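Predicted, not measured: the structure shown is a model, and the values here were computed from it.
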Amino acid sequence: MLVSFLIFSIGRFANIMVFLLDSFPENWIGRICSFDLPWPFGLTAITLYLIGISQTISETHSISGWLPPPVIVDMIGIIGIFLPFVLCVPMTIAAGVIAEKHLDKAEFLVRLAHGFWFLGAFSIGSGILYAAVRLVNILKKHHQRSRRTPEYASIQSGILKIQVMATSLVICLWVLSICVLLYSTVRDQLMSNSMAVTIISIPYILMAPITILCAEILVIFRLVFFEKYCFPLIL
């Protein structure tokens, strides 16, 4: 998960530098690819988190039946990971190839790719929300039975960690999916309104870095501060 986030961050940094330095302005393929190629890696990292939650729930005997077997969960997750690479990325590359001679067709391919990105991001965000709520409910029931055991603190920390991580990922995916949907449907109107561009650009640019920072903090460091000073988030 962190490796995918690292690749995504490097790709996004390269894309920002390309636009700031106005590198290869006539190279449509390079510009489009530098903008779109990092996103599949970010979505891969989040999909891996969803797979982890789903696997944890599917292996819990007390709720067996609400999810398919772990093998099916893995297969669905693998499809979700590779689908952007085999569906959206080729559309992006094709749009860059034909942009110089067939701009209208290139715009159609880009809009279509962004439409698929909206469906994928919104679906994965909804899946994370549903799976996280189910897993948190399971842990809370186990938590109530473990108040006098050594596992009490670790379960409490695990619940809070899932809540914070899932909340940040869901917000990030839903906000980005809405931005992508607006960009793919009313792009011309947005480009003519500088205020609208600014409003959409701020969350579009900042949501991913904030979410990655949150994920890295939660993975690398223990939640001692959150346990002592923060109230649990409600999913």
Side-chain angles (χ1 to χ4, degrees), residues 1-9 11-13 15-16 35-36 38-54 56-57 76-77 80-81 83-84 88 114-140 156-186 190 195-223 225-227 229-235:
M1 181 178 175
L2 290 180
V3 173
S4 297
F5 272 142
L6 177 62
I7 297 174
F8 169 78
S9 301
R12 289 291 292 163
F13 177 77
N15 170 248
I16 292 173
F35 181 78
D36 281 356
W39 291 103
F41 293 98
L43 196 62
T44 294
I46 298 176
T47 304
L48 289 173
Y49 183 76
L50 176 59
I51 294 174
I53 294 179
S54 302
T56 301
I57 298 175
I76 296 174
I81 289 172
L83 196 59
C88 297
H114 287 168
F116 283 119
W117 274 117
F118 164 76
L119 292 175
F122 191 84
S123 299
I124 293 176
S126 301
I128 290 176
L129 178 63
Y130 181 63
V133 169
R134 294 301 297 261
L135 182 57
V136 166
N137 289 336
I138 295 168
L139 291 175
K140 283 183 177 179
Q156 187 178 24
S157 175
I159 291 173
L160 187 56
K161 183 176 181 179
I162 293 170
Q163 290 176 319
V164 175
M165 177 77 84
T167 301
S168 62
L169 292 178
V170 170
I171 292 175
C172 176
L173 286 173
W174 282 359
V175 170
L176 292 178
S177 64
I178 292 173
C179 292
V180 169
L181 179 64
L182 292 174
Y183 187 79
S184 63
T185 54
V186 291
L190 289 175
M195 180 61 69
V197 172
T198 303
I199 293 174
I200 291 181
S201 298
I202 290 175
Y204 190 80
I205 294 173
L206 295 181
M207 282 304 302
I210 293 174
T211 303
I212 292 174
L213 179 62
C214 179
E216 290 175 345
I217 291 174
L218 293 178
V219 171
I220 296 175
F221 301 102
R222 294 189 177 185
L223 296 180
F225 177 83
F226 293 101
E227 291 174 7
Y229 304 107
C230 296
F231 293 102
L233 299 178
I234 300 176
L235 287 174

(Q) Using 0.5 Å steps for rounding, measure from the CD1 atom of I124 to the CG atom of L173. (A) 6.5 Å
Q. Among all residues two or more places apart in sequence or in another chain, which pass the side-chain contact (heavy atoms from CB on, under 4.5 Å) test with S4?
A. T44, A45, L48
Q: Quick one: pull up CD1 in I46 and CG in L50 and give me the separation to the nearest 0.5 Å.
A: 10.0 Å
Q.
Taking side-chain contact (heavy atoms from CB on, under 4.5 Å) as the definition, give me every residue that meets it alongside I202, ordered by chain and number, with sequence neighbours left out.
A. T198, L206
Q. Within a strict 4.5 Å, meaning less than it, do heavy atoms of the W117 and L43 side chains meet?
A. yes
Q. Can you tell me how far NE2 of H114 sits from CG of L119, rounded to the nearest 0.5 angstrom?
A. 13.0 Å
Q: Compare every heavy atom of P203 with every heavy atom of V175, then report the nearest pair and how far apart it is.
A: CG1-CB, 3.7 Å
**Q.** Given T167, I171, V170, the one that forms side-chain contact (heavy atoms from CB on, under 4.5 Å) with L129
**A.** V170
Q: Look up atom OG in S123 and atom CD1 in I128, then write down how far apart they are to the nearest 0.5 Å.
A: 11.0 Å
(Q) With rounding to the nearest 0.5 angstrom, report the CZ to CH2 distance, F118 to W174. (A) 11.0 Å
**Q.** Residue pair P84 / G80: nearest heavy atoms and the distance that separates them
**A.** CD-O, 3.2 Å
Q) Between A166 and A132, what is the shortest heavy-atom contact and its length? A) CB-CB, 3.5 Å
Q | Rounded distance [0.5 Å steps], CG in L176 versus CH2 in W39 | A | 5.0 Å
Q.
Using the rule given for side chain to side chain contact (heavy atoms under 4.5 Å, CB included), can you reason through F116 versus V180, listing the C-alpha separation, both sets of side-chain angles and the distance that settles it, and then say yes or no?
A. CA-CA 10 Å; F116 283 119; V180 169; over 6 Å; no
